[in-house]
Protein chains: 2
Amino acid sequence: MKKYGETVRRIREQKGYTMQQLAEGILSVSFLSKFERGESDISLSYIIRLLERLSLTFEEFFYLHDSVGPGELEHFFDKANEAYVNRDLEQLTQLRKIALDKWEIHGLETFRCNLVMLGVYECIIRGEKTTSTGDSLEFLYAYLFEVEIWGYYELRLYNSTMFLMPPEMVITLSKNAFEKSSRFGKLKKTDKTIIAILMNTLTYMMGGAVPYVEQYKVFLGYLESLDIPEDDLYIRNTQLQIKGIYEIKIGNRVKGIDMVQKTISIFTDLGSNELAATAENYLNIVLDEKK
Amino acid sequence: MKKYGETVRRIREQKGYTMQQLAEGILSVSFLSKFERGESDISLSYIIRLLERLSLTFEEFFYLHDSVGPGELEHFFDKANEAYVNRDLEQLTQLRKIALDKWEIHGLETFRCNLVMLGVYECIIRGEKTTSTGDSLEFLYAYLFEVEIWGYYELRLYNSTMFLMPPEMVITLSKNAFEKSSRFGKLKKTDKTIIAILMNTLTYMMGGAVPYVEQYKVFLGYLESLDIPEDDLYIRNTQLQIKGIYEIKIGNRVKGIDMVQKTISIFTDLGSNELAATAENYLNIVLDEKK
DNA sequence: TATTTTTTTCTCATATAGTGGAATTTGGTC
DNA sequence: GACCAAATTCCACTATATGAGAAAAAAATA
């Protein structure tokens, strides 16, 4: 028991509520007192109603409680991806050690998946053949193939490993991810990850020498069906970029370059220089291979 | 008790876990069974650990439970603002009725604030003098002046009512909002609302015939201190717009118009036509009053 | 300071959250 | 269908969450 009650007290007092006011119709004042003093745990149904009355989301509540911001999950994937991008072997090893502990203690599939992901990252950075972890990569694939509800965890896991997979697998899993997570439609964080996956899938489809034109159209359809809000300029801009690359690939060179240039100039105008550089770089790669 | 256990069961089964695996080290299998069958409530500490093991956030969990997406709060403000913008009196009355009930039952300040806000919206749309609700508007102000922790609720409440306030009050409260909510720094939703408030404040500062130049600079400093991520193009673009308006106001007409035009063209390029129209409209108003 | 009123804590009683292990069901194998 | 193993439920029991009301403390009023 982590004494969540004490946090409730802090908040209640800062809102100037008496215990009576907070408890009214929910639970007894005497129990609230005990809970707030950290002398008792509280049932889910009760804390839900208390937080509602304090007009506080669970997210805020936990944040106020221990200042641990983005949930452990989000944090884990952010760290892992960061370590990979920066080729930071030390951090990767550290993360892997933690993941190994968890896997050894609980033996749950998710922990093993995390472990596999980190292992593969390490191999790639070290420049080793990944055959040593070959079978465990299969394990991760198997996990994703069997998922029935794609929650935030699965989406992030997939998004972090799809670049390792063969095209057919990407096509199947991206479809799954899109279709089997639609029930989260209203949750921003999940929504954002789905969009990221679709973007990556589209980029992937355009990646090889022989682009998957048909599949590309399907995924573009998915993306457009999401009805991206007007103020989500980043996604709209990236969408423009991907469409531009597509045009180049199918031969409409001038039109395509024009579109991508627009993407880049928008990034530049808004001072997002790193993003501009990345986009420019990508454009050059595509143009080079066309020669 | 809303049978949250049944939702846990669904998720557990879809993840292919046995009760043994989920319960291991957290609680007994027999109790988990009871809980999952909806025959018992569960303590906060336990459900936290279960969800952690299921790699599910509370947000996702509640969403899977009852499909009620964005928390009640977010939903309330979204609805209220929507009704106001669309001048939808019917919806406003409906919201007001619900708010009135809550206020009568619980007598909590927050419910009264909601009530006041809706009441003022209605008066404005009806074109009535707001003197009838005059004193209750004071109540809302008093509430915001006394807040010590600006959570999501307070930020939204303020953001929805600041346009009714005199300049001095806006200056003070916007400062409060910024300083007293910084502890939520890592929570996206809160962060986004703070940014919205700063943007509105800046717009407000530029609004009158005699702009509050000094204050403007202070708030712009706040906004820039937030270190807006490169991929938050909407905010960056709006920032550009506000800076442009500022330049116009202080006399650098050509430079300012140029900046705002850039904002508009970015919106247009990305197909955000409504936003483009709004920005254009605003620019014209500013230009007109300068004549 | 004494008195009244409001708010919080304490004591004890009860309901219910949570455990261990036996009994039952489920699912696969012969 | 009988048998086995794993997974789940049931049952008796314990620990603890929660309630009612008295006692104590704090705040307000005189």
Q) Parallel under 30°, tilted from 30 to 60°, perpendicular over 60°: which one fits the rings of Y143(A) and Y153(A)? A)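 Correct class here is perpendicular.
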Q) For dC10(D), does OP1 or OP2 lie under 4.0 Å from any side-chain N or O of R37(B)? A)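 For dC10(D), OP1/OP2 do have a side-chain N/O of R37(B) under 4.0 Å.
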Q: In whole angstrom, give the distance that lies between atom CZ of R49(B) and atom P of dG18(C).
A: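 For the pair R49(B) CZ and dG18(C) P, the rounded distance is 12 Å.
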Q: Quickly work out the Y46(A) OH to dT18(D) C1' distance and round it to whole Å.
A: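 So the two atoms are 7 Å apart, to the nearest Å.
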Q) Between dT9(C), dC10(D), dT9(D), which nucleotide has the shortest distance from any of its atoms to the side chain of S33(A)? A) dT9(C)
Q. Given atom CD of E36(B) and atom C1' of dA7(D), what is their separation to the nearest angstrom?
A.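 Going from CD in E36(B) over to C1' in dA7(D) covers 12 Å.
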Q) Is it true that R156(A) and D78(A) have a side-chain N and a carboxylate O under 4.0 angstrom from each other? A)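 Yes, charged N to carboxylate O under 4.0 Å.
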Q.
Check this for me, if you would: do E154(B) and K15(A) make a salt bridge, where the nitrogen-to-carboxylate-oxygen distance has to be below 4.0 angstrom?
A.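 Yes, charged N to carboxylate O under 4.0 Å.
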Q: Return the value, rounded to whole Å, for the distance between atom CG of D41(B) and atom C1' of dG18(C).
A: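 Checked: the CG to C1' distance equals 12 Å.
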(Q) dG19(D), OP1 or OP2 - any side-chain N/O from S30(A) closer than 4.0 Å? (A)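 Checking S30(A) against dG19(D): no side-chain N or O falls below 4.0 Å of OP1 or OP2.
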Q. Within this structure, what is the CG-to-P distance between L22(A) and dT9(C), rounded to whole angstrom?
A. 13 Å
Q) Hey, do the aromatic rings of F58(A) and F62(B) have their centres closer than 6.0 Å? A) yes
Q. Taking atom P of dT8(D) as reference, at what distance in whole Å does atom OH of Y17(B) sit?
A. 14 Å
Q) Where the side chain of M19(B) is defined as all heavy atoms beyond and including C-beta, which of dA17(D), dT8(D), dC10(D) is the nearest nucleotide? A) dT8(D)
**Q.** Test item: side-chain donor near acceptor, S174(B) and Y158(B), under 3.5 Å
**A.**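 There is such a pair (donor and acceptor under 3.5 Å, judged by atom type) between the side chains of S174(B) and Y158(B).
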(Q) In whole Å, I'd like the distance from the CD atom of E39(A) to the P atom of dT18(D). (A) 14 Å
Q: Between F31(B) and T18(B), name the one whose nearest nucleotide on DNA chain D is closer to the 5' end.
A: T18(B)
(Q) Can you measure Q21(A) atom CD to dT6(C) atom P for me and round it to whole angstrom units? (A)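 Those two atoms, CD and P, are 13 Å apart.
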**Q.** Touch class at under 4.0 angstrom, heavy-atom based, for F35(A) against every strand present
**A.** nothing
Q: State whether S43(A) places a side-chain N or O below 4.0 Å from either non-bridging phosphate oxygen (OP1 or OP2) of dT16(C).
A: no
**Q.** Side-chain N,O (S28(B)) to OP1/OP2 (dG20(C)) below 4.0 Å
**A.** no
Q: Select from Q20(B) and K34(A) the residue whose nearest nucleotide in DNA chain D is closer to the 5' end of that strand.
A: Q20(B)
Q. So, is R12(B) close to the dT8(D) phosphate, meaning a side-chain N or O under 4.0 Å from OP1 or OP2?
A. yes
Q. Would one find a side-chain N or O of R9(A) under 4.0 angstrom from OP1 or OP2 of dT9(C)?
A. yes
